[in-house]
Each structure stands twice: as structure tokens, then as C-alpha cells.
Amino acid sequence: MSHPLPSGSLAGKTALVTGSSRGIGADTARYLAQAGANVVINFRNKAPRAEKLAAELRELGVDVLTVGADLTDAASVAEMFRAVQERFGALDVLVLNASGGMEGGMAADYALTLNRDAQVRVLEAATPLLPAGGRVVFVTSHQAHFIETTPTMPEYEPVARSKRAGEDALRERIPALTEAGIEFVVVSGDMIEGTITATLLERSNPGAIEARRESAGKLYNVSEFAAEVALAAVEPVPADHTRLIGDVSSFGA
């Protein structure tokens with residue numbers, strides 16, 4: 001993995017990445033740690049994987065805290081931020097990466113509970129720890145970001161709509177965040193090769209990923225997209241609070 005952020009650019013800062021025991025979240029945490037940030041790794045049930053990543057990042061000389069928390073549970077979220085405050089005192093970067101809804105056996109409203117309600121809850125719980133100059137990064141997909149104008153695969157539609165609802169609910173908080181000096185940016189990417197979502201989509205709709213790759217010309221892999229998420233934590237926030245990663249010509253942009 002190359003380092004997208006200048007070495008030391010986050011020295012002394014603390015970053016929390018939700019859903020960071022694997023995939024995009026884990027690679028984002030790696031990039032932030034490589035830039036000198038202390039990192040909070042949040043996971044739901046992958047404790048051994050989170051501890052393994054933490055050990056790897058501590059080798060870089062940064063402080064790493066792992067916190068298991070179910071983001072759909074208010075008490076669990078409150079406990080996570082208590083642990084962050086105890087260890088670090090404040091939080092400079094919050095990356096809202098965790099999402100879901102393609103899993104089997106979940107309640108009918110699970111996608112909305114996780115992708116909208118839990119995102120808002122995490123932001124609200126984190127806000128008291130974010131100083132002026134703090135940054136919130138929300139990670140989404142083009143399929144969700146453009147769902148109002150561009151249809152997506154039927155299998156993904158409930159997830160896409162719930163993630164767009166989450167993005168809208170978070171954007172409503174931009175004025176209050178701005179008043180507190182906290183910056184907010186959405187990072188939207190195309191389908192990402194090698195993610196759980198892509199695998200589940202491919203299973204329910206064989207050929208979907210290949211078709212999207214042909215249409216877009218290129219799909220980012222996990223570490224390439226994570227690098228863009230990490231950059232969103234430090235680069236100036238665009239006026240529309242949105243970073244679109246990869247081709248958007250086939251979306252009603």
C-alpha cells in the first residue's frame with residue numbers, strides 16, 4: 001500500500017473509523033495511522049481481527065484503541081465514546097464507514113436502522129468530542145448517492161435508499177456542525193471490487209460487477225478507495241461537501 005497522506009500530517013490527532021476491522025474501514029485506519037494519527041478501531045463482532053490490525057498499527061508508533069460496539073444500540077455507542085474520551089480526551093476525525101443491509105436474517109427495517117438512524121446517533125455522540133477544526137467523513141456509494149435519479153439493482157435498492165436517507169439526515173446537520181467549526185464531507189464511490197457488498201450482489205445477480213466494470217471503465221479496489229476516504233479526512237472540503245470517486249457519467253449527476 002502506498003501512502004496517500006503526507007507522513008506526519010495527522011501527528012497528534014485521533015481518528016475513529018466505524019466498521020474498521022476489515023475491508024475499506026481497515027485500510028482507511030491504516031492510512032490514517034501511517035499519517036501519524038492515533039486510531040480507534042470500531043467493530044461489531046470481529047474482535048480478533050480488530051486486535052490483529054491494532055497490533056499492526058501500533059508498530060507505526062501510534063496509539064490504537066479497539067472498541068466493540070453495535071452502532072444500532074444507543075448504550076453501546078455511548079460506551080464507545082466514553083472509552084475514546086477516557087483514552088484520548090478528544091476526537092479529530094470521525095469516519096462513518098460502517099454500513100450494511102445485504103445480510104440475511106435481519107429485521108425488515110435493519111438497513112434503515114443501521115444506515116440512517118445509527119449514523120446520526122454516532123455523529124451526535126461524537127460531536128461533544130470534536131473540536132473546532134474536527135472533520136466528519138461519511139462513506140457511501142454512487143448507487144446510493146444517486147438513487148433518486150438513477151435506478152440500481154433491485155437487490156441493492158433497500159440498502160441504497162437507506163444509505164441515501166442516512167446521507168440526507170447527516171447533511172441536515174451541516175449548519176450546526178459548521179457553527180461549531182466542524183467540517184463534514186461525503187465520499188461516494190462506485191462499486192468497490194472485493195467488498196462484502198460486491199460479493200453479495202454478485203451472488204444474487206451474477207455478472208453484475210463485470211457489467212459495472214465495463215460500463216465505468218475501471219472499478220476501484222478496497223485499498224484504492226480507502227486511500228480516497230483517508231484523503232477526505234485532510235484535504236479541503238468541496239463547497240458541496242461531496243467527493244465523487246470514479247466515473248459518474250452513467251449516473252444522473
Side-chain angles (χ1 to χ4, degrees), residues 10-26 28-33 35-47 49-51 53-54 57-58 62-100 110 112-140 163 166-167 169-187 229-230 232-234 237:
L10 287 171
K13 305 277 192 194
T14 299
L16 186 156
V17 184
T18 63
S20 50
S21 65
R22 64 181 176 193
I24 293 164
T28 300
R30 279 190 182 92
Y31 289 132
L32 298 173
N38 297 319
V39 176
V40 183
I41 298 168
N42 156 252
F43 62 94
R44 190 175 60 197
N45 49 22
K46 298 273 187 294
R49 207 178 279 189
E51 292 304 339
L53 176 62
L57 301 189
R58 287 185 189 113
V62 299
D63 193 0
V64 184
L65 175 67
T66 59
V67 189
D70 176 354
L71 303 186
T72 65
D73 179 295
S76 186
V77 169
E79 190 50 53
M80 173 167 74
F81 285 105
R82 261 197 299 278
V84 172
Q85 184 161 21
E86 209 167 276
R87 172 75 73 90
F88 298 110
L91 185 65
D92 301 284
V93 176
L94 171 65
V95 180
L96 296 168
N97 164 72
S99 68
Y110 176 69
L112 208 52
T113 302
L114 176 59
N115 296 333
R116 182 192 64 192
D117 304 348
Q119 306 301 319
V120 172
R121 177 183 296 121
V122 171
L123 176 60
E124 286 176 349
T127 301
L129 294 181
L130 287 160
R135 176 81 58 98
V136 178
V137 180
F138 176 68
V139 181
T140 189
K163 281 190 70 68
E167 179 181 336
L170 292 168
R171 284 183 184 274
E172 283 171 17
R173 283 158 176 75
I174 290 175
L177 291 170
T178 303
E179 207 167 296
I182 299 165
E183 298 174 314
F184 176 84
V185 61
V186 171
V187 182
V229 175
V234 297
V237 175

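Because the structure is a prediction, the values reported are computed rather than measured.
- With rounding to the nearest 0.5 Å, the separation of OG1 in Thr18 from CZ in Phe138 is 9.0 Å.
- Between Glu86 and Arg82, no side-chain nitrogen of the basic residue sits less than 4.0 Å from a carboxylate oxygen of the acidic one, so the salt-bridge criterion is not met.
- Expressed to the nearest 0.5 Å, how far CG of Leu32 lies from CG of Leu16 amounts to 10.5 Å.
- You'll find the side chain of Val185 reaches within 4.5 Å of the side chain of Arg135, heavy atoms only.
- Note that OG1 of Thr127 and CG of Leu94 are 8.0 Å apart. Values are rounded to the nearest 0.5 Å.
- When each of Glu79, Met80, Arg87 is checked for a side chain to side chain contact (heavy atoms under 4.5 Å, CB included) with Val67, only Met80 meets the rule.
- Panel note: side chain Ser20, backbone Asn42; a donor-acceptor pair is recorded below 3.5 Å.
- Between Ser21 and Ile41, the closest heavy-atom pair is N-CG2, 4.2 Å.
- Atoms CZ and CG, from Phe81 and Leu130 in turn, are 8.0 Å apart once rounded to the nearest 0.5 Å.
- A donor-acceptor pair is defined here as one N or O able to donate and one able to accept, closer than 3.5 Å; no such pair exists between the side chain of Thr14 and the backbone of Asp92.
- Residue Asn38 comes nearest to Asp63 through the heavy atom pair OD1-N, 2.9 Å, listed as atom of the first residue, atom of the second, then distance.
- Here the closest non-hydrogen pair linking Ala83 and Leu65 is O-CD2, 3.8 Å.
- Closest approach of Val237 to Glu183, counting heavy atoms only: CG2-CB, 4.0 Å.
- Taken to the nearest 0.5 Å, the CZ atom of Phe43 stands 12.5 Å off from the CZ atom of Arg22.
- Shortest non-hydrogen contact noted between Val120 and Ala169 is CG2-CB, 3.6 Å.
- The salt bridge (charged side-chain N to carboxylate O under 4.0 Å, His left out) analysis of residues 115-128, with sequence neighbours excluded, yields the pairs Glu124-Arg173.
- At distances below 3.5 Å, at least one donor-acceptor pair connects side-chain atoms of Gln119 with backbone N or O atoms of Ala98.
- Distance CD1/Ile174 to CD1/Ile182: 12.0 Å, rounded to 0.5 Å.
- The closest donor-acceptor contact from the side chain of Asn97 to the backbone of Gly19 lies under 3.5 Å.
- When all heavy atoms are compared, the tightest approach of Ala90 to Val84 is O-CG1, 4.4 Å.
- The main-chain N or O of Leu71 is never found under 3.5 Å from a side-chain atom of Arg44 such that the two would form a donor-acceptor pair.
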### Task
In sequence, state the C-alpha distance, the side-chain angles, and the governing distance for Leu53 and Arg30, and then conclude on side-chain contact (heavy atoms from CB on, under 4.5 Å).
CA-CA 8 Å; Leu53 176 62; Arg30 279 190 182 92; 3.7 Å; yes
